[in-house]
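Have a look at the structure below before the remarks.
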Amino acid sequence: MGKNLATKILEAHLVEGELVPGREIAIRIDHTLLQDATGTMAFLEFIAMGVPRVKVELAAQYIDHNLLQTDSKNADDHVFLMTAAQKFGIYLSKPGNGVSHQVHLERFGVPGKVMLGADSHTPTAAGLAMLAIGAGGLDVALAMAGHPFHLPCPKIWGVKLVGKLPPWVSGKDVILEMLRRHTVKGGVGKIIEYYGPGVATLSATDRGTIGNMGAELGATTSVFPSDQRTREFLESQGRGDAWHSLAADPDATYDEYDEIDLSTLEPLIACPSSPDNVVRVAEVAGVKVDQVIVGSSVNSSFRDLMTVCKILDGRKVAPHVSFNVNPGSRQVLENVAAQSGFMSLLLAGAQIHQPGCLGCIGMGQAPGTDQVSLRTFPRNFPGRSGVKNDRVYLCSPETAAAAGIYGVITDPRKLGELMPWPNVQNPEKYLLDDSSIIAPVADTSGVEIVTGPNIVPFPDFEELPEELAASVIIKVGDNISTDAIMPAGNKVLPYRSNIPAISRFVFDQLDPEFPKRAQEKGNGIIVGGENYGQGSSREHAAIAPRYLGIRAKLAKSFARIHKANLINFGILPLTFKNPADYDLLKQGDTVLFNELRKLVAAGAKEIPVQVDGQEIVTVLEVSERDRQDLLAGGTLNYVKKQVKVEA
Ligand code: MIC
């Protein structure tokens, strides 16, 4: 029986376990990726491990999130990251050089390598046939220290692409179609492998777009074959040597199947406020648009930006629209500029920003009250833009440009009345300049890590207690994102390396009293619905609640990265044996756990709890290794204990 590509890559990296879906496996990591918003904490964790230099083939640290310098905090953190990267043998991409995902594709991606990144959109590297997985900062720090990455073995989901995209329809519409069909939970526990004749019609950057937003399906990652399109992109980057061919066997089989005929796709749009709230653009045409943003973490490649430049060439943005462009990288900026692209944007009335994440993570670019914002970003969870009750839509660069011109949501095929479809291709040879990437040096003995005042020591967390009385601090519904638990934005992001300070913002938009209530109660529990903790990789959505006294989260189901982060910081990720028990619990209830340590240590899958004299059976579905981490009060405690034992 032939093998699919994901299995081939996993097999080549497997260091523990068997490739049986659901069982825990451990894989060797080749590349690691950190960005600044998750990187400061990951570095503190790496430093705590006492390893002198990273032990992976290539480690990269990007500064792309905390770019606004409204006080000294972000600038101080940049110095910390630069000096720490230099100390530990890590490439450092300077502020303004671009978004990690785009720059990694351009300068470092290699087909068939496995990458672990402290950012849920790490799977953008699928564009170069990498198996790239998002994880919490601590898991990435462990990989940097040479440990393999543990995960439940995913199912492999084969999605066959046939046909060719019609004019005015692009990569974004492919992934929006996946979200329309399968929802934000559809990919949980799966690697999505794209195959079939339609794959060759998509460029490396289109594939990157599709891989990036596989995170929105909840997938472990996505993968594409390495073919002539991959080679073309690597050669255009002066890195043709990194290319080699990789594909599934012709008779490969998959655990699950789906098929998309690209030629039948239409322009699609995700409506407020979930990436899976997808309809045809035509269905919402006519809605007045106030703000448009092209670029950032996804759809910020040369092709994406140049498409918008060509559409706006000789035209003006509608007077009431604020039209913004965030290039994915300095390289994109330089190459679009060299082809006079930015001139058409300037003359059209667009606002041009530095390369970086910016509005995608709420670092500026917040829309006004009740304004409609169309973005080519990957996610539109409630309030993520920085504004309560925001109205954010997600769409392709073509749809974004059409809205800019007409001032209302418009099917981009209408632009065909004004011009032929630009059908922009990536350049055969990019202008290259790596001067904003600082390479590692061999001798780091003279390098001092500069720890500014914004870096606050990591709090100590106690071991798991034997008896626990925890109060329900909040009860929430389905699909609660990490943006709801631990918001980002320019007010909160600068505190990513200061847990006491950032914890004041937990559940800020849903329930600003949460931190106070949690601290008053001492020990707390959060009750959630399905897919709790979807979205970003930010481990702060586990660390900050833990700091406030949260010892367990009891939900109908969890998103993969958040569940791993909970275990890493000693919070029990419990599910209901009987999901209807969710209805029995309310805020303020006391949940009693007896002989908790004993049960966790004994490998018990069922943990009974008492609420108001009634028994509820909760389920702890974790590996033996996870149990040790939970008992120790978190992975860092466990690792430190091991180090002491070995010494
Ligand atoms: C996101 O898109 O939410 C982010 C910003 O990239 C996050 C990382 C973070 O919270 O810093 C992610 O997806 O992991």
Minimum side-chain heavy-atom gap Val279-Leu268 below 4.5 Å: no
Heavy atoms, side chains only, cut-off 4.5 Å: are Val308 and Leu305 in contact? no
Taking Asn299 as the fixed residue, which of Asn326, Thr205, Leu394, Thr209 is the one that meets the side-chain contact (heavy atoms from CB on, under 4.5 Å) rule? Thr209
For Ile29, which of Val140, Leu116, Asp139, Ile133 qualifies under side-chain contact (heavy atoms from CB on, under 4.5 Å)? Leu116
Does a salt bridge link Asp206 with Lys172, judged by any charged N lying under 4.0 Å from a carboxylate O? no
Atom of Ile485, atom of Pro545 and distance for their closest heavy-atom approach: CG2-CG, 4.3 Å
Begin from the C-alpha positions of Met178 and Ile260 and carry the test side-chain contact (heavy atoms from CB on, under 4.5 Å) through to its verdict. CA-CA 9 Å; Met178 286 290 285; Ile260 298 180; 3.8 Å; yes
Scan for salt bridge (Lys or Arg N to Asp or Glu O under 4.0 Å) pairs involving residues 185-194, sequence neighbours excluded, and state none if there are none. Lys190-Glu256
Between Arg229 and Asp227, does at least one N-O distance fall below 4.0 Å, as a salt bridge requires? no
Taking the basic N atoms (NZ, or NE/NH1/NH2) and the acidic carboxylate oxygens, is any pair closer than 4.0 Å for Arg391 and Asp370? no
Using only heavy-atom distances, determine whether the side chains of Gln35 and Asp64 contain a donor-acceptor pair under 3.5 Å. no
Testing Gln534, Lys553, Arg538, Glu539 for side chain to side chain donor-acceptor pair (under 3.5 Å) with His562, which one passes? Lys553
Measure across Asn380 and Cys271 and return the closest heavy-atom pair with its distance rounded to 0.1 Å. ND2-O, 3.1 Å
Any salt bridge between Arg303 and Glu398, counting N to O under 4.0 Å? yes
Pairs under 3.5 angstrom only: tabulate donor-acceptor contacts from the side chains of residues 285-296 to other protein residues two or more places apart or in another chain.
unit_1 : atom_1 : unit_2 : atom_2 : d
Lys288 : NZ     : Asp290 : OD1    : 3.4
Asp290 : OD2    : Val372 : N      : 2.7
Gln291 : OE1    : Ser373 : OG     : 2.6
Gln291 : OE1    : Arg375 : NH2    : 3.1
Gln291 : NE2    : Gln365 : O      : 3.1
Ser296 : OG     : Cys357 : O      : 2.7

Would you say Pro378 and Cys360 make side-chain contact, with heavy atoms under 4.5 Å? yes
Nearest heavy atoms of Val472 and Leu585, plus distance in Å: CG2-CD2, 4.4 Å
Kindly write out the residues that satisfy ring pair (Phe, Tyr, Trp, His ring centres under 6.0 Å) with His353, not counting sequence neighbours, or none if the list is empty. none
Could you pull out all residues at least two apart from Phe224 that satisfy ring pair (Phe, Tyr, Trp, His ring centres under 6.0 Å)? Tyr194
Hey, is the main chain of Ala125 close enough, under 3.5 Å, to the side chain of His101 for a donor-acceptor pair? no
State, to 0.1 Å, how close Ser273 and Pro382 come at their nearest heavy-atom pair, and which atoms those are. O-CD, 3.5 Å
CE/Met130 to CG/Leu105 distance, rounded to the nearest 0.5 angstrom? 9.0 Å
Counting C-beta onward and ignoring hydrogens, is there a side-chain heavy-atom pair between Val527 and Val476 closer than 4.5 Å? no
Could you go through the side chain to side chain donor-acceptor pair (under 3.5 Å) check for Tyr62 and His104 one step at a time? CA-CA 9 Å; Tyr62 296 90; His104 209 89; 2.8 Å; yes
To the nearest 0.5 Å, what is the distance between OG1 on Thr38 and CZ on Arg496? 7.0 Å
Which value, rounded to the nearest 0.5 Å, describes the distance between Met213 atom CE and Leu176 atom CG? 5.0 Å
Does Glu266 pair with Arg280 as a salt bridge, N-O distance under 4.0 Å? yes
Looking only at heavy atoms, which two atoms of Ala129 and Ile9 are closest? And how far apart? O-CD1, 4.0 Å
For Ala270, is there any backbone N or O sitting under 3.5 Å from a side-chain donor or acceptor partner on Asn277? no
For the residue pair Gln351 / Ser322, report whether a side-chain donor-acceptor contact shorter than 3.5 Å exists. yes
Between His121 and Glu216, is any side-chain donor less than 3.5 angstrom from a side-chain acceptor? yes
Heavy atoms only: give me the nearest Ser396-Ser170 pair and the separation to one decimal. CB-OG, 3.7 Å
Can Ser120 and Ser536 be counted as having a side-chain donor-acceptor contact under 3.5 angstrom? no
Rounded to the nearest 0.5 angstrom, the CG-CG distance for Leu165 and Leu262 is 4.5 Å
State, yes or no, whether a side-chain contact exists between Leu161 and Glu259 at a heavy-atom distance under 4.5 Å. no
Inter-residue atom distance Ser301.OG - Met306.CE, 0.5 Å rounding: 12.0 Å
Honestly, is Lys414 close enough over Tyr406, meaning NZ or CZ under 6.0 Å from the six-membered ring centre and within 45° of the axis? yes
Checking Tyr254 now: which residues fulfil ring pair (Phe, Tyr, Trp, His ring centres under 6.0 Å) with it, not counting sequence neighbours? Tyr195, Tyr257
Dump the intermediate steps for side-chain contact (heavy atoms from CB on, under 4.5 Å) on Ser623 and His150, then the final yes or no. CA-CA 10 Å; Ser623 69; His150 292 84; over 6 Å; no
Looking at CH2 of Trp157 and OG1 of Thr220, how far apart are the two atoms once the value is rounded to the nearest 0.5 Å? 11.5 Å
For Tyr393, the ring pair (Phe, Tyr, Trp, His ring centres under 6.0 Å) test, sequence neighbours excluded, returns none
Close side-chain approach of Asp390 to Pro272, heavy-atom, < 4.5 Å: no
Any chance you could lay out the salt bridge (Lys or Arg N to Asp or Glu O under 4.0 Å) test for Asp258 and Arg181, step after step, and finish with the verdict? CA-CA 10 Å; Asp258 196 9; Arg181 290 186 189 185; 3.0 Å; yes
Test Val387 against Thr369 for side-chain contact (heavy atoms from CB on, under 4.5 Å), laying out the working first. CA-CA 7 Å; Val387 174; Thr369 311; 5.8 Å; no
Would you indicate whether Lys8, at its atom NZ, is surrounded by more than 12 heavy atoms from other residues, nucleotides or ligands within a distance under 6.0 Å? yes
Using a 4.5 Å cut-off on heavy atoms from C-beta on, say whether the side chain of Val506 contacts that of His540. no
Does NZ in Lys556 sit with more than 12 non-hydrogen atoms of other residues, nucleotides or ligands closer than 6.0 Å? yes
So, Asn565 side chain and Ser537 main chain: donor-acceptor pair closer than 3.5 Å or not? yes
Side chain to side chain, Ser222 and Ile210, heavy atoms closer than 4.5 Å: no
Going through the distances and angles, do Ser274 and Val184 end up as a side-chain contact (heavy atoms from CB on, under 4.5 Å)? CA-CA 8 Å; Ser274 179; Val184 288; 3.9 Å; yes
